[in-house]
*Asks:* 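To start, I am sharing the structure in question, which I have written as structure tokens.
A quick note: this is a predicted structure, and the numbers were derived from the prediction, not measured. A note on names: the letters A, B, ... follow the listed sequences, proteins ahead of strands, and every chain is numbered from 1.
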Amino acid sequence: MDEGARSRIPRDDERTVAPNFVTAAVDRDLASGRVERVVTRFPPEPNGYLHIGHAKAICLDFGVAADYGGVTYLRLDDTNPVQEDPEFVDAIQRDVAWLGFEWIALRHASDYFERLYELARTLIRRGDAYVDSQDLDTIRATRGTVTTPGTPSPDRDRPAEESLALFEAMRRGDHPEGAYVLRAKIDMASPNMILRDPVLYRILHATHHRTGDAWHVYPMYDFAHPLSDAIEGVTHSLCTLEFENNRAIYDWLVERLFDEPVPRQYEFNRLELDHTVVSKRKLAPLVDAGLVDGWDDPRMPTLAALRRRGVTPAAIRDFANRVGVTKTNARTDVGLLEASIRDDLNAKAPRVMAVLDPVPLTVEGLDEGDVGVRDAPLWPHDVPREGDRPLTLAREVWVERGDVARDPPKGWKRFAPGATVRLRHGPVVRCDRVDVADDGRVTAVHGTAVDPGADDVKVAGVVHWVARSVAVPATFQLVDRLFPMPDPGADDRDVAEKVDPGALRTLHGVVEPYVLEADPATRWQFERQGYFWRDPAHRDADGPPVFLRIVTLKDGWAKAEAPAPRRERRPAPAAPTAPDPEPDKAATLDAEGRARLARLEGLGVAHRDAARLAEHADVTGLVEAAHGTGAGASAAALANWALNELPRALTDAGDRPLADAQLGPAAFAELVALVEEGVVSGPTGKALLAELVTDGGSARERVEARGLARIDDADALTETVAEVLDAHPDEVATYLGGKEGLIGFFVGAVLRATDGRADPAAVREALTAALDARR
RNA sequence: UGGCCCGUCGUCUAAUGGCAGGACAUCCGGUUUUGGUCCGGACGGUCGGGGUUCGAAUCCCUGCGGGCCAACCA
């Protein structure tokens, strides 16, 4: 990777990560020149194994950087020695590498302890942090609640020199745990609890797995994380939604301590998967309690388990791409993961046969020429790959117990008395008899080979089998969902007690001998059963080979037989209600607000608009001042624009507050008057408003300089309308066919063609007329 | 209860204020020596109410629903 390479916005077809709001932000930063090179990081805490949810984050972190020619750090966030373990450090690296990603460098937050300590001292010197001697309970109690402000610590104004000395003593280990903490001095009354003088450092007399006993103070996440990002030169720091509130402290720190371009944090939705839990903290108890057989137990959603099960990195990457990256709390159907796994394996897995729950079948009427070894293809007709394996046919074969029924249900395509079934790659067999034990269990099947060419033979279906003479005993492990309910983490009950004991079933059956001759790491499709491979944990063990089911095949029949319980629907929306009357804002106004309201109404602004406007002193001020300029704009129009158009212009200008806008009352009044008088069109007015907000200046001058006056010439409009319609014959046909929603498409096209100068209402009218004429 | 964030087919997710589209799932049909794959088709959605606009999923107000925050965890 070229260390100094400038990042470039990729074309859509060059992207491995589907465009999303994060890539949009990256695009903006690159286009504006705010950053030159994309740097991301994946920052797991080494306190557990990575899971499928991390895979989504990894694909995003690494994928985004790679798509732009940037780099990614793998950073172990080891700021809390009491809950971290080097075992996990190795596992994390193995999993990320397995997924197929390369980090530019492996880092630890502990690499930066010295640097972070200095940064903390800088904060203290500037009066932005202080050492607090309150104990934990007091700090908690004085933080306040979500509705009540906190109360400042008596140590809040401790002189910097004193804090510095204490902080140094804390570092040396002079004080017991809990005696002091370092706190940022921000705002004890902030509505964002994170900002109520957050703790930056605490005393911990613990041995760190990398720094040993060198430190007695350890930084908190909120301090170490943003500053580690900044130290590494991370440009886009991607994390999950629950850190949204933390962005405030993130910005507070990096903006105080570093120069532009400072890293920016973006929060995306974490992956929630049905019927499992995607949280290290909820997974760990399962491992600790022995409910599963370790972090790589095939029922687990960890990457180690998925790898052991035989799921490929490609399938996981595909899945990560399919679930997408947004800000909505989403819960993904496991079916989506399974679809990615099947798509991947369908083209990769050779087809062979295994009988998981065998029952003997005796085939009469097979002559010497029929039995013996033959070649059978490993691939179906629709997978473009070549290859055969030797397949032995004999009179005695094993078939699947589930493929035999004495009293078949309607639509049955397998063995049943009188039914005719083909043995895959073998003869057609008429079922003569089904033996059943007292308990109803099928014990044996008897059949006779028939000539498939005979007129009266109708082959109901195809069934898999293995000749008894060559069948190799094998064990099959069938993995199912870990929890029976879709959202096991929904309530506070311990997830451990919800684990489905039947989530792992073991079956003893047989497999074709060829399977044991091939590469033991082969992923197979056992026809009609699913994708399997040999459990890596058992490949070298004695005894029958152990096959893990990676994923089932789609099974239309199983669904027809026992329709899967439908997912709980979302709680039904409340019954349609009568129109909600909008509360009168005037009621909640304070004295000054009521005064503003009265003035606005006096100017002729309707009560409703006036009340909404009066809530904001600054916007009211703008409207009043604009009206006072005598530019001719009516107060009602000014209010309308201020209320409905200005917010978007402000948002588009980078969420800037009105105070930072370049738009003054005079320009605003002039603009609104221009539109009101019909000098410029509405669309032009809106475009100009956006320009005035960011760049300032005069609306009228812009109109004159750029010829933005409204198009009044009916003939010119008619001509443009005709051009647009001629350019879109298909759409015209569709419109005339009844899809009248297309009118918007045409209006938009005409507006674009005229640079927004046409009056939309006139355009629409002309369009409707022209379209009617073409009927 | 305060602040922040989020509501689009059953699920996940698109749509510079301009044709609500895709994937998974479901259903129907075709191909098939896998009840698989593949192909064709169908079903199905902008949380409710108001406002702005020629035009609103998108902007504004409001109601409702969901998530996050009061660790010396991350």
*Asks:* If you pin A:R351 and A:H616 to their nearest nucleotides in RNA chain B, which one's is more 5'?
*Replies:* A:R351
*Asks:* What integer number of Å spans the P atoms of B:G35 and B:U16?
*Replies:*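 My reading of the P atoms in B:G35 and B:U16 gives 44 Å.
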*Asks:* Counting distance only, does the side-chain N/O of A:H275 pair as donor-acceptor with the main-chain N or O of A:D333 below 3.5 Å?
*Replies:* no
*Asks:* Identify the pairs formed between an N or O of the protein and an N or O of nucleotides 16-21 of chain B at a distance under 3.5 Å, and give each distance.
*Replies:*
unit_1: B:U16; atom_1: O4; unit_2: A:R752; atom_2: NH1; d: 3.0
unit_1: B:G17; atom_1: O6; unit_2: A:K686; atom_2: NZ; d: 3.0
unit_1: B:G18; atom_1: N9; unit_2: A:G744; atom_2: O; d: 3.4
unit_1: B:G18; atom_1: N3; unit_2: A:G744; atom_2: O; d: 2.8
unit_1: B:C19; atom_1: N4; unit_2: A:E731; atom_2: OE2; d: 3.4

*Asks:* With C1' as the reference atom in both, quote the distance from B:G10 to B:A42 in angstrom, rounded to an integer.
*Replies:*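 To the nearest whole Å, 16 Å.
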*Asks:* Check the pair A:D229 / A:Y250 against side-chain hydrogen bond (donor to acceptor under 3.5 Å, both in side chains), numbers first and verdict last.
*Replies:* CA-CA 10 Å; A:D229 282 348; A:Y250 189 106; 2.7 Å; yes
*Asks:* Quick one: A:R414 CZ to B:U33 C1', roughly how many Å, whole number?
*Replies:* 15 Å
*Asks:* Contact class for A:R424 vs. all strands (heavy atom < 4.0 Å): base, sugar-phosphate, or nothing?
*Replies:* base
*Asks:* Looking only at atom types and distance, does a side-chain atom of A:T328 sit under 3.5 Å from a main-chain N or O of A:A330, one as donor and one as acceptor?
*Replies:*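 Side chain of A:T328 to backbone of A:A330, a donor-acceptor pair under 3.5 Å: no, none is there.
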*Asks:* Could you state the CZ-C1' distance from A:R331 to B:C24, rounded to the nearest angstrom?
*Replies:*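 The distance from CZ of A:R331 to C1' of B:C24 comes to 17 Å, rounded to the nearest Å.
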*Asks:* With distance as the sole criterion, do the side chain of A:N192 and the base of B:C69 form a donor-acceptor contact below 3.5 Å?
*Replies:* no
*Asks:* Do A:D343 and A:R322 meet the salt-bridge criterion of a basic N to acidic O distance under 4.0 Å?
*Replies:* yes
*Asks:* Report which part of the nucleic acid A:N245 touches: base, sugar-phosphate, or nothing (heavy-atom distance under 4.0 Å, all strands).
*Replies:* base
*Asks:* A:A330 has a side chain; which of B:C12, B:C54, B:U1 sits nearest to it?
*Replies:* B:C12
*Asks:* Could you walk me through whether A:L241 and A:R270 pass side-chain contact (heavy atoms from CB on, under 4.5 Å), step by step?
*Replies:* CA-CA 7 Å; A:L241 252 23; A:R270 62 184 300 141; over 6 Å; no
*Asks:* Does a nitrogen or oxygen in the side chain of A:N269 sit under 4.0 Å from OP1 or OP2 of B:U13?
*Replies:*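 Yes.
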*Asks:* Roughly how far apart, to the nearest Å, are B:U32 and B:A20 at atom P?
*Replies:*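 Each nucleotide's P atom is 39 Å from the other's.
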*Asks:* Counting the atoms with a prime plus P, OP1 and OP2 as sugar-phosphate, which does A:M220 contact under 4.0 Å by heavy atoms, base, sugar-phosphate, or nothing?
*Replies:* sugar-phosphate
*Asks:* When all nucleic acid strands are considered with a 4.0 Å heavy-atom cut-off, which category describes A:E177: base, sugar-phosphate, or nothing?
*Replies:* nothing
*Asks:* Between A:D85 and A:K280, is the closest basic N to carboxylate O distance under 4.0 Å?
*Replies:* no
*Asks:* For a quick check of understanding: with a heavy-atom distance under 4.0 Å over all strands, which category does A:T326 fall into, base, sugar-phosphate or nothing?
*Replies:* sugar-phosphate
*Asks:* With rounding to the closest Å, how many angstrom separate the P atoms on B:U58 and B:G49?
*Replies:* 12 Å
*Asks:* With A:F319, which of A:I341, A:L336, A:D344 fulfils side chain to side chain contact (heavy atoms under 4.5 Å, CB included)?
*Replies:*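 With A:F319 as partner, A:I341, A:L336, A:D344 yield a single side chain to side chain contact (heavy atoms under 4.5 Å, CB included), made by A:L336.
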*Asks:* Going by modelled atom types, is there a donor-acceptor pair between the base of B:G36 and the side chain of A:R342 at under 3.5 Å?
*Replies:*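 By the distance-only test, no, there is no pair.
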*Asks:* Do the side chains of A:D403 and A:R528 get close enough for a salt bridge, i.e. N-O under 4.0 angstrom?
*Replies:*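 A salt bridge is present here (some side-chain N lies under 4.0 Å from a carboxylate O).
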*Asks:* State which of B:C73, B:C12, B:C6 makes the closest approach to the side chain of A:E45.
*Replies:*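 Looking only at heavy atoms from C-beta outward on A:E45, the closest nucleotide is B:C73.
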*Asks:* If the C1' atom of B:C19 is compared with that of B:C12, how far apart are they to the nearest Å?
*Replies:*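 Pairwise C1' distance, B:C19 against B:C12, rounds to 24 Å.
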*Asks:* Using a 4.0 Å heavy-atom cut-off, does A:R247 contact any base of the nucleic acid, only the sugar-phosphate backbone, or nothing at all?
*Replies:*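 Touches nothing.
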*Asks:* Any base atoms under 4.0 Å from A:T79, or only sugar-phosphate, or nothing? Heavy atoms, all strands.
*Replies:* sugar-phosphate
*Asks:* Indicate, yes or no, whether a donor-acceptor pair under 3.5 Å links the base of B:U34 to the side chain of A:R528.
*Replies:*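 Side chain to base: no pair below 3.5 Å.
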*Asks:* Do A:D555 and B:G36 share a donor-acceptor pair, side chain to base, under 3.5 Å?
*Replies:*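 There is none.
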*Asks:* How far, in whole Å, is B:G21 from B:U34 if one measures between their P atoms?
*Replies:*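 The same atom, P, in both gives a distance of 36 Å.
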*Asks:* Using modelled atom types and a 3.5 Å cut-off, is there a donor and acceptor pairing between side-chain atoms of A:R385 and backbone atoms of A:P350?
*Replies:* no
*Asks:* Looking at A:R202, I'd like to know whether one of its side-chain N or O atoms comes within less than 4.0 Å of OP1 or OP2 on B:A74.
*Replies:* yes
*Asks:* Counting a pair only when it is Watson-Crick or G-U and both distances are under 3.5 Å, which runs of at least 3 such pairs involve RNA chain B?
*Replies:*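 Stem segments, range with range: B:2-7 with B:64-69, B:10-13 with B:21-24, B:26-30 with B:38-42, B:47-51 with B:59-63.
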*Asks:* Can you establish whether the number of heavy atoms outside A:E765 located under 6.0 Å from its atom CD is more than 12?
*Replies:* no
*Asks:* When the P atoms of B:U26 and B:U11 are considered, how many whole Å apart are they?
*Replies:*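 Roughly 15 Å separates the two P atoms.
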*Asks:* Looking only at atom P, what distance separates B:A15 and B:C47, rounded to whole Å?
*Replies:*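 15 Å, rounded to whole Å.
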*Asks:* Hey, which of these two, A:K56 or A:I203, hits RNA chain B nearer its 5' end, going by closest nucleotide?
*Replies:*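 The 5'-side residue here is A:K56.
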*Asks:* Taking only the side-chain heavy atoms of A:R140 (C-beta and beyond), determine which of B:C72, B:C60, B:G67 contains the nearest atom.
*Replies:* B:C72
*Asks:* If you check the A:R143 side chain, which of B:A70, B:C6, B:A74 turns out closest?
*Replies:* B:A70
*Asks:* Looking only at the side chain of A:E244 (C-beta and beyond, no hydrogens), which of the listed nucleotides B:G36, B:A70, B:C5 gets closest?
*Replies:*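 My answer, after comparing the listed nucleotides, is B:C5.
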*Asks:* Quick one: does NZ or CZ of A:R424 land under 6.0 Å from the six-membered ring centre of A:W465, within 45 degrees of the ring axis?
*Replies:* no
*Asks:* By nearest atom, which of the nucleotides B:G36, B:A74, B:U33 is closest to the A:L553 side chain?
*Replies:* B:G36
*Asks:* Roughly how many Å is it from CD in A:E242 to P in B:A70, rounded to a whole number?
*Replies:* 12 Å
*Asks:* With respect to the side chain of A:Q525, which nucleotide from B:G3, B:C5, B:U34 is positioned closest?
*Replies:*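 For A:Q525, the side-chain atoms sit closest to B:U34.
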*Asks:* Which is true for A:V146 with a 4.0 Å heavy-atom rule: it touches a base, it touches only sugar-phosphate, or it touches nothing?
*Replies:* base
*Asks:* With a 4.0 Å cutoff (strictly under), does any side-chain N or O of A:R608 reach OP1 or OP2 of B:U62?
*Replies:*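 For B:U62, neither OP1 nor OP2 has a side-chain N or O of A:R608 closer than 4.0 Å.
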*Asks:* For the residue pair A:H225 and A:F243, is the inter-centroid distance of their aromatic rings smaller than 6.0 Å?
*Replies:*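 They do not qualify: ring centres at least 6.0 Å apart.
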*Asks:* Heavy atoms under 4.0 Å, any strand shown: does A:R322 hit a base, just sugar-phosphate, or nothing?
*Replies:*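 The answer is sugar-phosphate, as A:R322 gets under 4.0 Å only of primed atoms, P, OP1 or OP2.
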*Asks:* Over all strands shown, is A:G411 touching base, sugar-phosphate only, or nothing at heavy-atom distances under 4.0 angstrom?
*Replies:* base
*Asks:* Taking any heavy-atom pair under 4.0 Å as a contact, classify A:V459: base, sugar-phosphate, or nothing.
*Replies:* nothing
*Asks:* Pick base, sugar-phosphate or nothing for A:L336, based on heavy-atom distances below 4.0 Å to the nucleic acid.
*Replies:* sugar-phosphate
*Asks:* Which of parallel (below 30°), tilted (30 to 60°) and perpendicular (above 60°) describes A:F42 and A:H54?
*Replies:*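 Taking A:H54 first and then A:F42, their aromatic rings stand perpendicular (interplane angle over 60°).
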*Asks:* When we call it a touch if two heavy atoms are under 4.0 Å apart, what does A:N640 touch: a base, just sugar-phosphate, or nothing?
*Replies:*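 It contacts sugar-phosphate atoms only.
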*Asks:* Going by the glycosidic torsion and a 90 degree boundary from 0, is the base of B:A42 oriented syn or anti?
*Replies:*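 Here B:A42 takes the anti form, which means its glycosidic angle is more than 90° from 0.
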*Asks:* Base, sugar-phosphate alone, or nothing: which one does A:D222 contact when heavy atoms must sit under 4.0 Å apart?
*Replies:* nothing
*Asks:* May I have the step-by-step check of side-chain hydrogen bond (donor to acceptor under 3.5 Å, both in side chains) for A:Q265 and A:E267, ending in yes or no?
*Replies:* CA-CA 7 Å; A:Q265 174 178 301; A:E267 310 88 11; 3.1 Å; yes
